[in-house]
Every structure is written in C-alpha cells, then in structure tokens.
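Remarks on the structure that follows.
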Amino acid sequence: MKRIILHVDMDHFFTAIEERENPELRGKPVVVGADPKKGRGVVSTCNYEARKFGIKSGMAISRAYKLCPDAVFLPVNYELYKRVSDEIMATLRKYADRLERWGLDEAFLDVSSKVKDYEEAEALARKIKKEILEKEKLTCSIGIGPNKLVAKIASDFNKPDGLTVVRESEAKDFLAPLPVSRLIGVGRKTERKLKEMGISTIGELAAFDPSKLADEFGKFGLRLYLMAQGIDESEVRDRDERKSISREITLDEDTGDLEFVAGIVDVLSECVYKELLKRDFSFRTVTLKIRYEDFETHVFSKTLPHLGELRLLRNIARELLLLNAENKKIRLVGVRVSNLVPLKGQKKLDFVNFKTP
DNA sequence: TCTGGGGTCCTAGGACCC
DNA sequence: TCTGGGGTCCTAGGACCC
C-alpha cells in the first residue's frame, strides 16, 4: 500500500522556547548549551541570529563564545522543553495513524489512512502548522513524502517555517544533488568512507554498484543503495517502552582520584534509580561508562539473573569502575540500566520468570 | 574546533544448550 | 578421536540520532 509520511521538525526548538518565554531575547543571538565560563561542553541549539556568526549545534561552547561573545548564553532547561514537546506530540498524535518521536523536537507521522492524496496531506500539514503556532507560539517545518527518509530530508529543505512536498515520482531527482550526509544513518565516518570511494552526492550513490556497497558496508550497504533511489520501507513506529535509562557527567576537571569518581558514580546510580521508580521499572543489566582524558571511551556491563534494586545498582556500578579503570585521568563517567522490566503492580511479575534475590 | 547528555541499533565473539 | 549446526544470551565496541 502506498504511504504518505509527514516529518515535523520544530524550528530551533530550545531557543525558540526561550524567546517565547522571554521576548526581550528576540532579535539577539541566543545559544542554549553548556556554560561558556566553565568552557567544557557544546552548543545544544542556537537561533538564526547566532547562526549568522557561524555558531552551530554540537560545536564546542568555547568556540561559540569566541565567535560571538555578545550572544546570550543560556543553560539547557530540559524540563521546560520536555513539557512543551509533550504538548506538541499530543497535538500531532490526533492527526496520525502512527507517530514516531525523534528527539524532543521532531516526529514522523504516518497519515496514509487520514488523507487520500498529497494535496490533502499538504492541507493537513498547513492545519498542523497553524495549530502549533496558535497553541504554542512556535513554528515548525514539515516535509511530506512517500517514506520517512524523503519526508525528513524534505522538512529540512526549506527552513524555518517551511513546507515541502516530494511525491514518490519526484523523490530520486529531489535527492540526487544532495550530499550523502543527509541520508539517515550516514554520519561522519560513513561520509568519509563514501568519499574515498568517490561518492559525494546521493545521485552518485544511486548510480554506484550495489554489490560493491555491500562488500564495503555489509547489510547497511544495500540500505544505502535503496535510500539513494528514494526507497525506504522502514515503518513509522510508536516506540512504547524505554530500553535503557542513563545518567552521565563530564567532570569539571579530569581526575585520577578513583574514590572521588566512585562517589560520583554513587550519585549517578541514585539518579538513575529515581528515574526507574518514577517509571515503575526494574532492571537486570548495569553498564558503567568511562571516558579518559585522551577521549578513549569504554563501557563495562553486568547482567543479573534476577531483578536489581538500588543497593545492587550502586555496588555493581562501583565494582565495574574499580575493576576496570586504567591508570589514566578520567574525564566522564556514566551509569546506565537496561534489560528493563515493568513493575506494574506485583501481579505483572508473574509474567517474568526470574528468580527473586 | 578539543569534543554534552540522552538515547537507539548493529556487529562480532564466546558461552552454553540441544 | 575430533568435532555439526542452530539458537539465545551476554559483553564490548562503535556508529548514529537530536
């Protein structure tokens, strides 16, 4: 069956919310991210005024500060953005057969049964944009296409406050001139590898020998080839349950003091556990993450034969640290739990065949 | 350019079981 | 004596997303 997919992408979401909450910020360059005084960390989002100075998300905050010391630098107010995001997702959900959240500020909507053609899809997109603007005083850009890939690239095509429709018959030509890095799943590494093979644009990828792509990238090679033809069969899926919960922190200064780091690990374990309780989940796997001063990063994990609780989480995280830490200064530590098991009342536990401790 | 914090998915080897 | 094939789970690493 032919599908019609919308990709809704909020415009510079975090800074747009900050401007809405504090109109004095409008017209000024605004950067949401790490504290430039501390100097460690990156830009989370910046508005279009800040982009004029060359600031981009993901950039080191120290560099952003050098590019524009007069910009307004704000910390990340995650709770606020999450609340606004939840409201927007609730609005979007009304119009979709299925909705897939993609971060706080993006979503895919499968509207195949809600509209009969691209004209109706476009009208629906306009309605959604209007409703979000009225309710939230925020703008978004929407892409419409025959699949997630095309919809996503379309939403990025005309920003901010854009609306781009790409029909199935137009998809291949639409993608051809764009760089391969626009494809979902093509990051820095894959982009470099493709460049070494003489492939820079999606059009070049589409014309390449798929068996050579399979040799180089395995299963992903075929997917790359298909995406370049504008083909993407992946479903829009409501992700119901969370698969993992984690907390990590980059220390203000690298340290070789393991007991100090172990204290941080205790705190992270408690934060993670609090989140578990809130969601009424237990866990079976604990993962400890260490990043050293040279940026080398390792993860170590341990899976229990039964459900864990706080004391166990703390002890295992600590043990994984002390057992595995090398004699190098540590930059970051993190604690993650996975193999999550819902605890909706004790009754649900009957489904779970784990021995109790 | 000196690289956050929250996630997801994939791969590959080894253990273990039938 | 030397050795199958399939399946699942665990661990570690890595790429990628916003």
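Scope of the values below: all heavy atoms of this structure, side chains included, with no hydrogens, waters or symmetry mates. Naming: A, B, ... by sequence-line order, numbering from 1 per chain.
Between A:Glu19 and A:Lys28 there is no salt bridge, since none of the side-chain N atoms of the basic residue sits less than 4.0 Å from a carboxylate O of the acidic one. Taking the charged nitrogens against the carboxylate oxygens, A:Glu79 and A:Arg83 have no contact shorter than 4.0 Å, which rules out a salt bridge. Using a cut-off of 4.0 Å between Lys/Arg side-chain N and Asp/Glu carboxylate O, A:Asp161 and A:Lys129 are scored as salt-bridged. Salt bridge A:Glu259/A:Arg318: present, at least one basic N to carboxylate O contact under 4.0 Å.
The shortest distance between the side-chain N/O atoms of A:Ser62 and the OP1/OP2 oxygens of B:dT1 is not below 4.0 Å. Under 4.0 angstrom from either OP1 or OP2 of B:dG5 there lies no side-chain N or O belonging to A:Arg336. For A:Ser246 and B:dG7, the shortest distance from a side-chain N or O to OP1 or OP2 is below 4.0 Å. Dashed line: the shortest gap from a side-chain N or O of A:Arg291 to OP1 or OP2 of B:dT3 is not under 4.0 Å. Regarding contacts with the backbone of B:dG7, a side-chain N or O of A:Arg242 is found under 4.0 angstrom from either OP1 or OP2. Between A:Lys66 and B:dC2 there is a side-chain polar atom (N or O) within less than 4.0 angstrom of OP1 or OP2.
Between A:Arg188 atom CZ and B:dC2 atom P there is a gap of 15 Å when expressed in whole angstrom units. What separates CZ of A:Arg63 from C1' of B:dG4 is a distance of 17 Å, to the nearest Å. Look at CG on A:Asn339: it is 12 Å from P on B:dT8, rounded to the nearest Å. Rounded to a whole Å, the CZ atom of A:Arg40 is 7 Å from the P atom of B:dT3. Distance CD1 (A:Ile249) to C1' (B:dT3): 16 Å, rounded to an integer number of Å. Counting to the nearest Å, the P atom of B:dG6 and the CD atom of A:Glu79 are 12 Å from each other. What separates CD of A:Glu241 from P of B:dC9 is a distance of 13 Å, to the nearest Å. Nucleotide B:dG6 holds its P atom 10 Å from the CD atom of A:Glu275, rounded to whole Å.
Using a 4.0 Å heavy-atom distance criterion, A:Gly54 is classed as making no nucleic acid contact. Contact annotation for A:Ile245: backbone-only contact, meaning every heavy-atom pair under 4.0 Å involves sugar-phosphate atoms and none involves a base. Looking at heavy-atom distances under 4.0 Å, A:Glu248 makes contact with a base. Using a 4.0 Å heavy-atom distance criterion, A:Leu183 is classed as a sugar-phosphate-only contact. A:Lys82 comes within 4.0 angstrom of nothing in the nucleic acid, heavy atoms only. As judged by a 4.0 angstrom heavy-atom cut-off over every strand, A:Phe300 is placed among residues touching the sugar-phosphate backbone only. Across all strands shown, A:Leu332 has heavy atoms under 4.0 Å from sugar-phosphate atoms exclusively, and none from any base. Residue contacts for A:Val76: at a heavy-atom cut-off of 4.0 Å it reaches no nucleic acid atom on any strand shown. Using a 4.0 Å heavy-atom criterion, one finds that A:Thr287 contacts no nucleic acid atom at all.
For A:Arg51 and A:Tyr48, the positive end sits near the middle of the six-membered ring, less than 6.0 Å away and at most 45° from its axis.
Of the listed nucleotides (B:dG5, B:dT3, B:dG6), B:dT3 has the atom at the smallest distance from the side chain of A:Val42. Counting only heavy atoms from C-beta on, A:Arg239 has its side chain closest to B:dT8 among B:dT8, B:dC2, B:dG6. Checking B:dT8, B:dG4, B:dG7 against every side-chain atom of A:Lys243, the shortest atom distance belongs to B:dT8.
The two atoms that bring A:Asp254 and A:Glu293 nearest to each other are OD2-CB, 3.4 Å, heavy atoms only. Minimum interatomic distance between A:Phe108 and A:Lys148 (heavy atoms only, all atoms of both residues): CE2-O, 3.4 Å.
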Check step by step if salt bridge (charged side-chain N to carboxylate O under 4.0 Å, His left out) holds for A:Glu106 and A:Arg101. CA-CA 6 Å; A:Glu106 295 182 19; A:Arg101 227 172 151 153; over 6 Å; no
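Nucleotides of DNA chain B nearest to A:Phe14 and A:Arg237 differ in position, and the one nearer the 5' end is that of A:Phe14.
Taking atom C1' in both B:dG4 and C:dC16, one finds a spacing of 16 Å when rounded to whole Å.
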Assign a letter to each nucleotide of nucleotides 10-18 of chain B from its 5' end: B, base within under 4.0 Å of a protein heavy atom; S, sugar-phosphate only; -, no contact. -S-------
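A ring-centre distance under 6.0 Å is found for A:Tyr65 and A:Phe73.
Across all strands shown, B:dC18 forms a Watson-Crick or G-U wobble pair, both distances under 3.5 Å, with C:dG5.
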